[in-house]
Novice: 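Submitted below is the structure of interest, expressed as structure tokens.
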Amino acid sequence: GKPDLDHPIPSSFASPRYVYLLDIPPGEYLPLGAGYDFMGARYWTRFHEDEVAAWKIRVRPGQLAFLGENHLQPVGEIDVGKTLGHLLRRLLLIFPPWRRPVIRFDAAAAEPDRSADAEIRELRESVTALGATHWAAIAEERLRELGNPPAPLFRGFLFKRPVLPVKTAYFSYDDILGWERPFRVRGGLEWRAPKDRARIAVSFVPADSGTPLEDYLRDLAAAGAPEDSHIAAKTLLRGQKAYRARYTTYAYPRGTILGSETMVFVTEVVVVPKKDGYYLLHLRVKRKYLARYEPLFERFIRRLGLAAPKKGHSR
């Protein structure tokens with residue numbers, strides 16, 4: 001049916017960029033208008049019913065409904081007399097007890113942006129803005145469903161520009177390590193930290209020419225020293241199913257008495273299954289530098305684009 005214009009629901013809460021209606025009854029909704037405050041005045045516009053038909057959205061119990069994102073633009077010619085009148089009404093506010101004026105304007109309600117990128121921007125802000133409510137956890141769950149991509153990178157001080165991901169035959173990555181150019185390894189690339197204190201490798205193992213996933217996970221759980229957990233635990237990486245394990249190895253340099261000089265390495269492995277194989281994400285670091293390089297590894301792998309490589313690139 002038609003919208004019930006006699007029972008509008010005002011917003012319950014607003015963050016810097018988004019408006020929230022918390023715990024509203026299930027049903028279908030449309031925006032009737034929009035307003036904002038500026039220099040003590042209240043600006044308000046009313047939408048026409050035929051303009052907001054594309055904004056209709058259904059709200060279901062226990063779920064977040066993303067109405068959309070848009071920027072309203074005033075329409076019509078500039079009326080000099082009306083503009084001066086608005087300015088005078090704002091200036092009169094400095095003399096109390098005048099009431100705050102409401103200034104009406106016309107604006108075009110274009111179609112909402114409901115793309116995945118727009119919803120992800122909103123969800124990131126919702127996690128913070130709704131942090132004291134149960135809706136923050138629901139927003140985090142929806143982010144995981146959408147892959148939970150990290151925020152884009154920008155460079156520059158005054159004129160910021162986006163940093164585009166580097167694309168390879170196997171995957172894409174954001175160059176956030178600050179190390180030298182990576183080395184080619186079978187199925188991927190390997191980065192080496194200064195003085196070789198740590199190495200990060202990303203490679204793809206095709207299903208038809210590598211160790212089967214089940215066998216690799218079994219061998220991975222068995223790797224390492226007796227004090228290791230020997231578990232390849234299930235986890236998620238940007239909403240994708242993955243497995244994770246950590247193990248310790250000991251190295252004894254040549255020419256020294258066994259045990260007199262020992263280097264201890266920690267290896268963190270994340271396995272991401274794909275339709276035609278699986279990805280291996282490795283961090284191998286000297287144990288005394290683990291606290292320095294582990295957070296960098298976590299940020300790096302969260303920015304990887306791990307689409308299964310095309311046929312012919314997976315060998």
Side-chain angles (χ1 to χ4, degrees), residues 148-155 163-205 210-211 213 216-217 219-238 240 242-256 258-274 277-306 309:
N148 197 14
L153 292 174
F154 292 89
R155 285 180 181 164
V163 179
L164 300 178
V166 180
K167 295 183 178 180
T168 73
Y170 305 97
F171 54 88
S172 63
Y173 67 93
D174 288 330
D175 190 11
I176 66 171
L177 296 177
W179 301 350
E180 294 182 356
R181 296 184 61 180
F183 295 86
R184 298 186 65 88
V185 295
R186 181 176 176 83
L189 299 172
E190 180 184 79
W191 292 261
R192 299 177 184 179
K195 299 182 180 180
D196 207 17
R197 292 170 175 169
R199 295 186 181 187
I200 292 176
V202 180
S203 59
F204 182 77
V205 180
T211 304
L213 177 61
Y216 183 85
L217 292 175
D219 296 341
L220 181 62
E227 66 268 21
D228 293 327
S229 62
H230 300 289
I231 296 176
K234 292 182 179 180
T235 185
L236 290 173
L237 180 64
R238 287 179 54 179
Q240 303 175 77
Y243 299 88
R244 193 173 197 127
R246 174 183 290 186
Y247 60 87
T248 308
T249 53
Y250 297 85
Y252 305 97
R254 294 182 179 180
T256 61
L258 185 63
S260 63
E261 209 177 300
T262 306
M263 288 190 296
V264 184
F265 292 90
V266 175
T267 302
E268 188 89 15
V269 185
V270 179
V271 185
V272 184
K274 291 293 179 180
Y278 53 92
Y279 277 98
L280 295 178
L281 320 178
H282 276 88
L283 167 67
R284 186 172 185 267
V285 57
K286 294 180 180 179
R287 189 163 63 182
K288 62 182 179 179
Y289 299 116
L290 179 63
R292 178 189 302 183
Y293 290 109
E294 185 179 29
L296 182 60
F297 175 68
E298 296 295 332
R299 294 197 301 272
F300 181 74
I301 64 175
R302 277 185 47 78
R303 309 192 76 90
L304 291 171
L306 298 178

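Positions are given from 1 along the sequence. Basis for what follows: all heavy atoms, side chains included, without hydrogens, waters or symmetry-related copies.
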Novice: Tell me if the aromatic rings of Tyr279 and Phe204 count as close, with their centers under 6.0 Å from one another.
Specialist: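 Aromatic pair counts; centres sit under 6.0 Å.
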
Novice: Measure across Ala225 and Tyr250 and return the closest heavy-atom pair with its distance rounded to 0.1 Å.
Specialist: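 In terms of heavy atoms, the two residues are closest at CB-CE1, 3.8 Å.
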
Novice: With a 3.5 Å distance limit and no angle check, can you tell me whether His282 reaches the backbone of Arg199 through a side-chain donor-acceptor pair?
Specialist: no

Novice: Please give me the minimum heavy-atom distance between Pro273 and Tyr278, naming the atom from each residue.
Specialist: CA-CB, 3.9 Å

Novice: Is it true that atom CD of Glu180 has more than 12 heavy atoms of other residues, nucleotides or ligands lying nearer than 6.0 Å?
Specialist: no

Novice: If you define the side chain from C-beta out and look only at heavy atoms, does anything of Val266 sit under 4.5 Å from Arg246?
Specialist: yes

Novice: Between Trp191 and Phe183, is the gap from one ring center to the other below 6.0 Å?
Specialist: no

Novice: Taking the side chain as every heavy atom from C-beta outward, state whether Phe300 and Leu283 have any atom pair closer than 4.5 Å.
Specialist: no

Novice: Atom OH of Tyr216 and atom CG of Leu213: how far apart are they, to the nearest 0.5 Å?
Specialist: 10.0 Å

Novice: Does the distance from a Lys or Arg side-chain N to an Asp or Glu carboxylate O, for Glu268 and Arg284, drop under 4.0 Å?
Specialist: no

Novice: How many angstroms lie between atom CG of Leu281 and atom CZ of Arg302, to the nearest 0.5 angstrom?
Specialist: 13.0 Å

Novice: Restricting to non-hydrogen atoms, name the atom on Arg192 and the atom on Trp179 that form the minimum distance, rounded to 0.1 Å.
Specialist: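 So the two residues come closest at C-CE3, 3.4 Å.
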
Novice: Is any side-chain heavy atom of Val166 closer than 4.5 Å to a side-chain heavy atom of Asp174?
Specialist: no

Novice: Where do Asp228 and Thr248 come nearest, in terms of heavy atoms and distance?
Specialist: OD2-N, 2.7 Å

Novice: Does NZ or CZ of Arg303 come closer than 6.0 Å to the centre of the six-membered ring of Tyr173, within 45° of the ring's axis?
Specialist: no

Novice: Report yes if some heavy atom in the side chain of Lys167 is under 4.5 Å from a heavy atom in the side chain of Ser172; otherwise report no.
Specialist: yes

Novice: Starting at CE of Met263, measure out to OG1 of Thr249 and round the result to the nearest 0.5 Å.
Specialist: 9.5 Å

Novice: Are side-chain heavy atoms of Val202 and Leu189 found at a separation under 4.5 Å?
Specialist: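 A side-chain contact under 4.5 Å is absent here.
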
Novice: What is the distance from atom OH of Tyr243 to atom CG of Leu220, rounded to the nearest 0.5 Å?
Specialist: 11.5 Å

Novice: Rounded to the nearest 0.5 Å, how far does NZ of Lys286 lie from CZ of Arg292?
Specialist: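 Output value for this atom pair is 11.5 Å.
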
Novice: Is there a side-chain contact between Leu237 and Leu304, using heavy atoms and a 4.5 Å cut-off?
Specialist: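 No, their side chains stay 4.5 Å or more apart.
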
Novice: Closest approach of Leu296 and Ile176, non-hydrogen atoms and distance?
Specialist: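 Minimum heavy-atom contact is CD1-O, 4.1 Å.
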
Novice: Closest heavy-atom contact between Tyr247 and Gly224?
Specialist: CB-CA, 3.6 Å

Novice: Determine whether Leu306 and Lys274 make a side-chain contact, defined as any pair of heavy atoms from C-beta on separated by less than 4.5 Å.
Specialist: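 Yes, at least one pair of side-chain atoms sits under 4.5 Å.
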
Novice: Test side-chain contact (heavy atoms from CB on, under 4.5 Å) on Thr211 and Val205 and set out the steps.
Specialist: CA-CA 8 Å; Thr211 304; Val205 180; 5.7 Å; no

